[in-house]
There are 2 protein chains.
Amino acid sequence: MISIGQLSKRTGVKIPTIRYYEQMGLIDAPERSVGNQRRYTKEGLSRLSFIRHSRELGFPLEDIRELLELSQHPEKPCGDAHGIANRHLNDVRDRIAKLTRLEGELKRIADCDSDNVAACAVIETLADHKLCETEH
Amino acid sequence: MISIGQLSKRTGVKIPTIRYYEQMGLIDAPERSVGNQRRYTKEGLSRLSFIRHSRELGFPLEDIRELLELSQHPEKPCGDAHGIANRHLNDVRDRIAKLTRLEGELKRIADCDSDNVAACAVIETLADHKLCETEH
DNA sequence: TATAATCCCTCTAGTAGCTATAGATACAAG
DNA sequence: CTTGTATCTATAGCTACTAGAGGGATTATA
């Protein structure tokens, strides 16, 4: 039986965030102490770790809700879980591709060595899309 | 003198978003038609394009506000603009690095070919951080 | 046992950057 | 003149939290 503060320290999830997850129904409302403070068990800890980990991997809360549900039913086929992970993987790849193009763009405009705004590539590029080297 | 709908089509910025930018003070309130509809000039168009482009490059609105301000004063030194772009470039590089690690992780867990949840790597990995190959 | 330091409670409101909705009005084409 | 589309304002909602106010609970030390 640990307090919310200890749970927070062990999982790295901030206290208000834990309460927020409870409110959103991602974790069960835990038992309370005599003085009405939350007291968590090992189950609470592992469930929150699952959530934390999934969030680090960038899954939105709604997906995590599904994944948690799936994880409670070990006999089910796991195609759904794969679907979610694959969908997210595609998303991540898209984002990497976009950001990589962006990096090139930004490097180019940040390298400008003029010394006033009139001749500055940063401003000029932002103002005129046609100067861009890549699509975005 | 073009309507908000035409402005939207030409810049690719949605109508409610244009109004939102006006409300946030990023673009000036334009003239109105007799019937109180917004009518934009070429200046409005280019300012909104600047914003659009900057957003595509991922700048937050507050940075764009500064960049717009700078672009109005061509005689100023452009060190500030470079600062903003460089700060953002670092940010983008961080995000790429994180997402790339993440991609590896996701690929690994999405490749699982077991057929029920009990033995599924997706679920297992999410539940147990120690199975991860990389830091995140 | 008293007290101070720390922890925790609920509730409300705020963040970024939009997006959606409702109900009313304006405008353009035929 | 009618019909259909475009636009108006105002308000509420979205994700995933975060911050603050005003109070009570728990724990460590004197």
Side-chain angles (χ1 to χ4, degrees), chain A residues 1-27 29-40 44 47-68 84 87-88 91-92 95 98, chain B residues 1-40 44-45 47-48 50-68 84 87-88 91-92 95 98 102:
Chain A
M1 287 304 199
I2 59 173
S3 71
I4 197 170
Q6 286 171 311
L7 183 65
S8 171
K9 255 176 212 142
R10 288 224 217 158
T11 57
V13 180
K14 286 181 190 150
I15 291 173
T17 306
I18 296 173
R19 291 197 278 243
Y20 170 74
Y21 288 159
E22 182 183 322
Q23 204 188 315
M24 294 297 103
L26 280 176
I27 55 183
E31 284 183 46
R32 298 291 180 122
S33 73
V34 184
N36 198 35
Q37 299 191 350
R38 288 170 179 82
R39 292 292 178 263
Y40 294 91
R47 196 171 168 99
L48 186 57
S49 302
F50 187 106
I51 297 172
R52 166 83 207 276
H53 195 181
S54 306
R55 283 298 295 143
E56 276 175 348
L57 292 176
F59 290 98
L61 294 187
E62 280 318 298
D63 284 356
I64 296 173
R65 201 186 292 276
E66 277 185 71
L67 290 168
L68 277 166
I84 295 171
R87 175 154 40 86
H88 191 53
D91 198 67
V92 165
R95 272 150 68 199
K98 268 194 196 135
Chain B
M1 286 305 199
I2 60 174
S3 71
I4 196 168
Q6 287 171 310
L7 183 64
S8 171
K9 254 175 215 145
R10 288 226 216 157
T11 57
V13 179
K14 286 180 188 149
I15 292 174
T17 306
I18 296 173
R19 292 196 278 244
Y20 170 74
Y21 289 160
E22 183 184 322
Q23 205 187 313
M24 293 296 103
L26 279 175
I27 56 182
D28 293 335
E31 283 182 47
R32 298 290 180 122
S33 73
V34 184
N36 198 35
Q37 300 190 348
R38 289 170 179 82
R39 290 294 177 261
Y40 294 90
L45 181 67
R47 196 173 167 97
L48 186 58
F50 187 107
I51 296 172
R52 166 85 207 276
H53 195 180
S54 305
R55 283 297 295 146
E56 276 175 346
L57 292 176
F59 290 97
L61 294 187
E62 279 318 297
D63 284 356
I64 296 173
R65 201 187 291 277
E66 278 184 69
L67 290 167
L68 277 165
I84 295 170
R87 176 154 39 88
H88 191 53
D91 198 66
V92 166
R95 272 150 65 199
K98 268 192 197 136
L102 179 54

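Keep in mind that what you see is a predicted model, and the values were worked out from it rather than measured. Labels below follow one simple rule: chain letters A, B, ... track the order of the sequence lines, proteins then strands, and each chain is numbered from 1.
- Taking atom CD on A:E56 and atom P on D:dA16, their separation rounds to 15 Å, with Å as the unit.
- Contact check for A:R39 versus A:R32: no side-chain heavy atoms found under the 4.5 Å cut-off.
- The CZ atom of A:R55 sits 14 Å away from the C1' atom of D:dT18 (whole-angstrom rounding).
- Nearest-nucleotide assignment on DNA chain C puts the 5′-proximal partner with A:N36, out of B:S33 and A:N36.
- For DNA chain C, the outermost nucleotides in 5' to 3' order that have an atom under 4.0 Å from a heavy atom of chain B are C:dG17 to C:dC27.
- The separation between A:L48 atom CG and D:dC17 atom P is 11 Å, rounded to whole Å.
- Between B:R32 and D:dT9, a side-chain N or O to OP1/OP2 separation shorter than 4.0 Å is present.
- The pair B:E22-B:R19 does not meet the salt-bridge criterion, since no charged nitrogen lies less than 4.0 angstrom from a carboxylate oxygen.
- Side-chain contact between A:L48 and A:Y40 is absent, with no heavy-atom pair separated by less than 4.5 Å.
- The minimum heavy-atom distance linking A:R55 with A:L61 is given by the pair CD-CD2, 3.5 Å.
- Atom P of nucleotide D:dT18 and atom NZ of A:K14 are separated by 4 Å, given to the nearest angstrom.
- For the pair B:R19 and D:dC8, the criterion of a side-chain N or O lying under 4.0 Å from OP1 or OP2 is met.
- If you measure from atom CD of A:Q37 to atom P of D:dT26, you get 5 Å, rounded to the nearest angstrom.
- Remark: P of D:dT18 and CE of A:M24 are 14 Å apart, rounded to the nearest angstrom.
- Comment: B:R87 engages B:D63 in a salt bridge, judged by a side-chain N to carboxylate O separation of less than 4.0 angstrom.
- Map B:G5 and B:Q23 each onto its nearest nucleotide of DNA chain D; the residue landing nearer the 5' end is B:G5.
- For B:Y20 and D:dC14, the OH to C1' distance is 13 Å, given to the nearest whole Å.
- As a whole-Å value, the separation of A:L61 CG from D:dC14 P is 13 Å.
- Screening A:T11, A:T17, A:I18 for a side chain to side chain contact (heavy atoms under 4.5 Å, CB included) involving A:K14 leaves a single residue, A:T17.
- Between A:T17 and the phosphate of D:dT18, there is a side-chain N or O to OP1/OP2 separation shorter than 4.0 Å.
- In this structure a side-chain-to-backbone donor-acceptor pair under 3.5 Å is present from A:S54 to A:F50.
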